[in-house]
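Working notes for the structure below.
Computed over heavy atoms, backbone and side chain alike; hydrogens, waters and symmetry mates excluded.
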Amino acid sequence: LERITELCKKLGDPQDSLSFVHVTGTNGKGSTCAMTESILRNAGYKTGLFTSPYVKYFNERIAINGIPVSNELLTKATERVKLQADTMKESPTEFELITAVALVVFKMEKCDVVIFEVGMGGRLDSTNVIKKSIVSVITGISLDHTAILGNSIVAIAKEKAGIIKKGCPVLYGGKDVFTASCAVRPKENSGKSNNIDEVMKKKYPGEINGGEAFSVIKEAADEKESDFYYCDYKKLNIKNTDLNGTVFDYKNYTDVKLSLLGLYQPENAVKAIEIAEILKRRQGFKINKQDIVKGLESTKWVARFEKLSENPLVIYDGAHNPEGVETAKAALSHYFKNQKINLLTGVMADKDYAAMAKTLAVFARKVFAVTPDNPRSLTSEKLAGIYSDLGVESESFETVFDGFKTAYFDSKEKNIPLVCLGSLYMYCEVSEAFEKITSGN
């Protein structure tokens with residue numbers, strides 16, 4: 001953190017005058033951040049939101065009250081950062097520069113609270129330049145970015161636990177709390193949970209480890225004398241979920257409406273509710289129940305099982321790693337039951353694409369494999385070959401546009417849902433292709 005620390009010092013340490021909800025985790029960070037921001041904005045607070053990556057425009061990464069930063073303000077903050085960065089002996093990285101620009105913007109705008117999403121990991125992430133947070137959030141731990149963060153749950157958990165600050169409350173959103181032998185309920189609840197919860201293991205097959213991540217996070221919180229909270233998913237009751245949204249109950253919150261699609265989104269909503277409750281009880285924030293309910297219902301977050309079109313039905317989801325694909329699998333099973341889909345997909349060569357293909361192949365009538373515009377992309381020919389070997393009709397395309405155009409009209413002609421799966425970066429290519437094709441240009 002030497003470079004970002006030096007850069008911030010030259011800028012007058014803008015982070016020291018701001019309050020942060022600091023969020024890390026393998027999956028669910030972006031949606032949790034978006035829901036939390038919406039809740040706080042509905043409660044009357046001026047919010048800053050820092051997320052990555054952007055989907056269409058760079059400005060999306062830095063938002064004020066839910067609106068991407070203006071070009072004028074972004075330019076002013078960038079010029080201020082550049083002036084100081086150019087004096088440094090060791091040049092900051094791109095992400096360090098972006099983090100510094102965001103901090104300058106949030107200070108200039110005098111934000112009441114900043115929802116600060118970690119780029120990767122936590123301990124050595126440039127967002128960890130902040131000295132304190134009003135709540136540290138770890139959404140969950142699974143294997144991803146193993147070449148950088150470590151090849152075990154424990155190693156990755158240690159990196160992400162690095163955002164925990166002394167005396168600052170910690171919320172853990174992982175499901176392995178129910179298998180950790182040392183699991184305890186939050187202080188305001190009575191009783192203890194000391195045994196493996198078989199119900200949760202059945203509900204979340206493949207996602208529950210032996211409590212290793214929980215143990216690492218809990219130990220880190222104890223070392224920093226930080227109160228530890230977790231999400232009690234046993235109290236989450238999903239009443240209805242379809243392609244129009246979800247209605248659920250959680251603890252004393254009943255009939256909460258969530259417009260975001262994806263079976264995993266109610267769990268992210270639970271995280272946002274718990275964050276709001278901690279801010280209210282521990283940090284004196286004035287947030288009422290209606291702020292939380294309205295904030296969740298009005299949250300907008302693209303590329304997360306987003307419905308792009310009704311006829312034909314076109315869905316985009318940013319599933320790009322094995323855990324993300326597992327959640328997509330659950331959604332496909334629920335929303336489409338026994339109906340086959342057309343699948344448009346492109347992946348990065350450094351992902352476990354063979355395992356992901358094996359998971360998704362059973363749902364596909366036909367696969368339209370594309371090569372995303374990224375130097376790390378796996379070729380569409382190789383990806384199509386993997387699906388063909390699994391017995392699925394497959395076709396490869398040089399560009400996302402060509403693949404989407406063919407898949408779109410095939411789905412329209414045959415009245416078959418089209419599901420597009422890939423990184424958030426690929427979403428931009430898909431959405432632009434969709435707009436071009438449907439506008440007739």
Are more than 12 heavy atoms from other residues, nucleotides or ligands located less than 6.0 Å from atom CD of Glu2? no

Contacts of Asn311 that satisfy side chain to side chain donor-acceptor pair (under 3.5 Å) - sequence neighbours left out: none

My understanding is that only residues two or more places apart in sequence, or in another chain, count here; which of them pass side chain to side chain donor-acceptor pair (under 3.5 Å) with Tyr353? Lys382

Heavy atoms of Ile141 and Ile153 approach each other most closely as CG2-O, 3.9 Å

Quiz question: by atom type and distance under 3.5 Å, do the side chains of Tyr427 and Glu306 form a donor-acceptor pair? yes

Apply salt bridge (Lys or Arg N to Asp or Glu O under 4.0 Å) to Arg282 and Asp227, showing your working. CA-CA 10 Å; Arg282 288 292 311 279; Asp227 286 344; 3.0 Å; yes

Could you go through the salt bridge (Lys or Arg N to Asp or Glu O under 4.0 Å) check for Glu6 and Lys9 one step at a time? CA-CA 5 Å; Glu6 179 186 348; Lys9 187 175 182 180; over 6 Å; no

Apply side-chain contact (heavy atoms from CB on, under 4.5 Å) to Ser19 and list each qualifying residue two or more places apart in sequence or on a separate chain. Ile134

What pairs meet the ring-ring contact (aromatic ring centres under 6.0 Å, His included) rule with one or both residues in residues 260-300, with sequence neighbours excluded? Tyr45-Phe285

Please check: side-chain N/O of Thr24 versus main-chain N/O of Gly121, any donor-acceptor pairing under 3.5 Å? yes

Inspect the surroundings of NZ in Lys46 and state if more than 12 heavy atoms from other residues, nucleotides or ligands are less than 6.0 Å away. yes

Is it true that, when you exclude Lys405 itself, more than 12 heavy atoms of the residues, nucleotides or ligands shown sit nearer than 6.0 Å to its NZ? no

Hey, could you give me the OG/CD1 distance between Ser133 and Ile163, rounded to the nearest 0.5 Å? 6.5 Å

Gap separating the CG atom of Leu97 from the CG atom of Leu7, nearest 0.5 angstrom: 6.5 Å

Tell me, yes or no, whether the heavy-atom count around Lys10 atom NZ, taken from other residues, nucleotides or ligands under 6.0 Å, exceeds 12. yes

Verify salt bridge (Lys or Arg N to Asp or Glu O under 4.0 Å) between Glu432 and Lys56, making sure each step is shown before the conclusion. CA-CA 9 Å; Glu432 285 178 355; Lys56 286 190 174 182; over 6 Å; no

Ignoring hydrogens and geometry beyond distance, is a side-chain donor-acceptor pair present between Asn374 and Ser377 at under 3.5 Å? no

Below 4.5 Å, heavy atoms only, C-beta onward: do Leu344 and Val430 meet side chain to side chain? yes

Between Ser31 and Gln265, does a side-chain hydrogen bond (donor to acceptor under 3.5 Å, both in side chains) hold up when you go through it step by step? CA-CA 8 Å; Ser31 298; Gln265 291 296 10; 3.2 Å; yes

Which heavy atom of Asn342 sits nearest to which heavy atom of Ser411, and what is that distance? ND2-OG, 2.9 Å

For a side-chain hydrogen bond (donor to acceptor under 3.5 Å, both in side chains) check, start with the C-alpha distance between Glu96 and Thr93, then their side-chain angles and the critical distance, and finish with the verdict. CA-CA 5 Å; Glu96 287 166 345; Thr93 65; 3.3 Å; yes

Considering only NZ, NE, NH1 and NH2 on the basic side and carboxylate oxygens on the acidic side, decide whether Lys158 and Glu219 come within less than 4.0 Å. no

Nearest 0.5 Å please: distance from the SG atom of Cys8 over to the CD atom of Gln84. 11.0 Å

Kindly compute the distance separating CE (Met35) from CG (Leu40), expressed to the nearest 0.5 Å. 14.0 Å

Can you tell me how far OG1 of Thr78 sits from NZ of Lys82, rounded to the nearest 0.5 angstrom? 11.0 Å

Closest contact, heavy atoms only, Ile273 versus Ile292: CG1-CG2, 3.8 Å

Take Phe228 and Phe214, measure what ring-ring contact (aromatic ring centres under 6.0 Å, His included) needs, and give me the verdict at the end. CA-CA 11 Å; Phe228 179 84; Phe214 171 90; 5.4 Å; yes

Would you say NZ of Lys224 has more than 12 non-hydrogen atoms from neighbouring residues, nucleotides or ligands within 6.0 angstrom? yes

Residue set satisfying salt bridge (charged side-chain N to carboxylate O under 4.0 Å, His left out) with Lys289, at least two apart, ordered chain then number -> none

Ser259 meets the side chain to side chain donor-acceptor pair (under 3.5 Å) criterion, sequence neighbours left out, with none

Please say whether more than 12 non-hydrogen atoms of neighbouring residues, nucleotides or ligands are located less than 6.0 Å from CG in Asp373. no

List for me each residue that meets side chain to side chain donor-acceptor pair (under 3.5 Å) alongside Lys165, sequence neighbours excluded, and say none if there are none. Asn128

Which heavy atom of Lys271 sits nearest to which heavy atom of Gly173, and what is that distance? CE-O, 3.8 Å

Which atom pair, heavy atoms only, marks the closest approach of Ile164 to Ser136? CA-OG, 4.0 Å

Sorted by first residue and then second, give each ring-ring contact (aromatic ring centres under 6.0 Å, His included) pair with at least one member in residues 289-309; sequence neighbours left out. Phe305-Tyr335

Show your reasoning for whether side-chain hydrogen bond (donor to acceptor under 3.5 Å, both in side chains) applies to Tyr250 and Glu267. CA-CA 10 Å; Tyr250 179 66; Glu267 291 162 16; over 6 Å; no

Which residues pass the salt bridge (charged side-chain N to carboxylate O under 4.0 Å, His left out) test with Glu72, not counting sequence neighbours? none

Which heavy atom of Ser126 sits nearest to which heavy atom of Ile4, and what is that distance? O-CG1, 3.8 Å

If you count the non-hydrogen atoms of other residues, nucleotides and ligands that lie under 6.0 Å from CZ in Phe95, is the total more than 12? yes

What's the verdict on salt bridge (Lys or Arg N to Asp or Glu O under 4.0 Å) for Arg41 and Glu37, showing C-alpha distance, side-chain angles and the deciding distance? CA-CA 6 Å; Arg41 178 160 36 94; Glu37 186 280 327; 2.7 Å; yes

First locate atom OG1 of Thr327, then atom CZ of Arg304, and finally report the distance between them rounded to the nearest 0.5 Å. 12.0 Å

Under the rule for salt bridge (charged side-chain N to carboxylate O under 4.0 Å, His left out), what residues qualify as partners of Lys166, not counting sequence neighbours? Glu225

Any residue meeting ring-ring contact (aromatic ring centres under 6.0 Å, His included) with Tyr408, in chain and number order, not counting sequence neighbours: Phe404

What class does the angle between the rings of Phe116 and His22 fall in, given that below 30° is parallel, 30 to 60° is tilted and above 60° is perpendicular? tilted

Is it possible for you to check whether Lys132 lies under 6.0 Å from the centre of the six-membered ring of Phe20, through NZ or CZ, and within 45° of that ring's axis? no

Qualifying residues under salt bridge (charged side-chain N to carboxylate O under 4.0 Å, His left out), relative to Glu310, sequence neighbours excluded: Lys307

